[in-house]
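Remember, it's 1-based here, ligands and their atoms both numbered in the order they're listed.
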Amino acid sequence: MRNTQIFLRDVNVMDKIIASAELSKNDVVLEIGSGDGRLTKHIAKKAAKVYAVEIDLNLLDASKVALKDANNVEFINADALEIAFPKDVTRIVSNLPYTISSPVTTKIVYFLNDKPSSFAILMYQREFGERMLSIPGIRDYSMLSVFCQYTCKIEKITNVNKGCFRPMPSVDSVVIKLTPKHIDIDEGFLDFCRAIFQHKKKNLYSAVLDSREKMAIHAKSELKERLESLDDSITKEKVFLFETDELLNIYNEMIRLGICQK
Ligand code: SAM
């Protein structure tokens with residue numbers, strides 16, 4: 001496993017990650033995929049404590065050696081998807097393992113949503129980050145964009161060229177800041193969006209009809225009748241053109257019409 005890992009070696013990018021994390025000696029940081037500890041050591045200098053989670057025991061052992069003088073790092077040999085994140089964490093700072101970008105982002109968002117004044121600084125593969133940031137009408141606008149923008153404020157910190165890593169990967173990266181909105185996340189809304197985004201290039205009317213198995217009303221004729229009571233300007237619009245706020249309004253209309261249930 002060790003030979004397949006890709007490490008950040010560019011000091012300027014590391015500095016940007018650390019600066020954007022705005023760490024103080026009150027912060028407790030979770031680093032997911034701490035590798036050989038090259039980013040951990042910069043975090044440990046600025047924060048009160050770091051939880052360094054690494055799945056690869058050889059790498060974790062190497063990081064323990066590299067950080068032998070730091071007394072504020074707790075090393076955890078685990079799969080980040082399998083453990084409960086420590087409750088006292090105030091920041092998540094990580095050059096993420098890209099293979100788990102999607103599930104780990106979901107986990108991070110739900111975790112930080114309940115924590116006041118928290119945020120995450122995360123490195124992603126460029127394409128994944130672009131999808132998180134994407135806006136309506138752009139090809140990349142997807143359920144990932146809706147989920148991230150509904151639950152968080154998302155900012156691009158910097159693009160990172162593949163030459164900043166060793167061994168050099170085939171893809172570029174991007175550092176993203178995720179700040180949770182601390183909302184009451186409505187799972188019904190997310191389920192509705194997940195269903196219609198399966199048909200994101202269709203208009204809303206067709207997308208809802210094609211997702212009827214996932215709606216509260218399954219009968220096509222009844223669904224058509226209720227959808228037809230909505231304004232054409234909504235039902236004839238393509239799904240991928242709606243902003244998150246507009247999708248929320250549409251979902252509330254769907255509840256009013258009995259097409260969705262809370
Ligand atoms: N932190 C180092 C750096 O900045 O160069 C390494 C980052 S490397 C892109 C991602 C790290 O995540 C690797 O060390 C890998 O072993 C680890 N990793 C992969 N999957 C993981 C998982 N499910 N849980 C925890 N760590 C994981």
Hey, is ligand 1 close enough to Leu8 that some N/O pair sits below 3.5 Å? yes
Determine, using the 4.5 Å side-chain heavy-atom cutoff (strictly less than), whether Val28 and Leu39 are members of one ILVMFWY cluster. no
Check whether any N or O atom of Asp79, backbone or side chain, sits under 3.5 Å from an N or O atom of ligand 1, and answer yes or no. yes
Where on Met123 is there a heavy atom closer than 4.0 Å to ligand 1, on the side chain, on the backbone, on both, or on neither? neither
Does a donor on one side chain and an acceptor on the other come within less than 3.5 Å for Glu54 and Ser34? no
Looking only at distances, can you tell me whether any N or O atom of Leu81, backbone or side chain, sits closer than 3.5 Å to an N or O atom of ligand 1? no
Selected option - heavy-atom contact closest to atom 12 (O) of ligand 1, from Gly33, Ser63, Gly37: Gly33
Check Thr99 against ligand 1 and report side chain, backbone, both or neither, counting heavy atoms closer than 4.0 Å. neither
Could you tell me if any non-hydrogen atom of Ile100 lies under 4.0 Å from any atom of ligand 1? yes
Using a cut-off of 6.0 Å, state whether more than 12 heavy atoms not belonging to Lys25 lie near its atom NZ. yes
Say whether Asp36, considering both its backbone and side-chain N or O atoms, lies within less than 3.5 Å of an N or O atom on ligand 1. no
May I ask you to check whether Tyr51 and Asp88 show a side-chain donor-acceptor distance below 3.5 Å? yes
Just so I know, are the side chains of Ser118 and His182 near enough to count as touching, which here means a heavy-atom distance under 4.5 Å? yes
In terms of atom number and element, which parts of ligand 1 are under 4.0 angstrom from non-hydrogen atoms of Asn95? 3 (C), 4 (O), 5 (O), 7 (C), 9 (C), 10 (C)
Does Lys236 NZ have over 12 foreign heavy atoms under 6.0 Å away? no
Is Ile32 in contact with ligand 1, taking contact as a heavy-atom separation below 4.0 Å? no
Check whether any heavy atom of Ala78 sits under 4.0 Å from an atom of ligand 1. yes
Atoms of ligand 1 close to Leu59 [distance to a heavy atom under 4.0 angstrom, numbered from 1]: 14 (O), 16 (O)
Going by heavy-atom distance to atom 14 (O) of ligand 1, choose the closest among Met14, Gln5, Glu54, Arg38. Glu54
For Thr151 and Tyr110, does a side-chain donor sit closer than 3.5 Å to a side-chain acceptor? no
Any donor-acceptor pair under 3.5 Å linking the side-chain atoms of Thr90 with those of Asp27? yes
Quick note on ligand 1: atoms under 4.0 Å from a heavy atom of Ser34 include exactly 1 (N), 2 (C)
Only one of Arg126, Met132, Met123 passes side chain to side chain contact (heavy atoms under 4.5 Å, CB included) with Val174; say which it is. Arg126
In the single-linkage hydrophobic clustering (I, L, V, M, F, W, Y; side-chain heavy atoms under 4.5 Å), do Tyr205 and Ile250 co-cluster? yes
Mark the output for Glu31 as yes if a heavy-atom distance to ligand 1 is under 4.0 Å, and as no if none is. yes
Does any N/O atom on Phe7 come nearer than 3.5 Å to any N/O atom on ligand 1? no
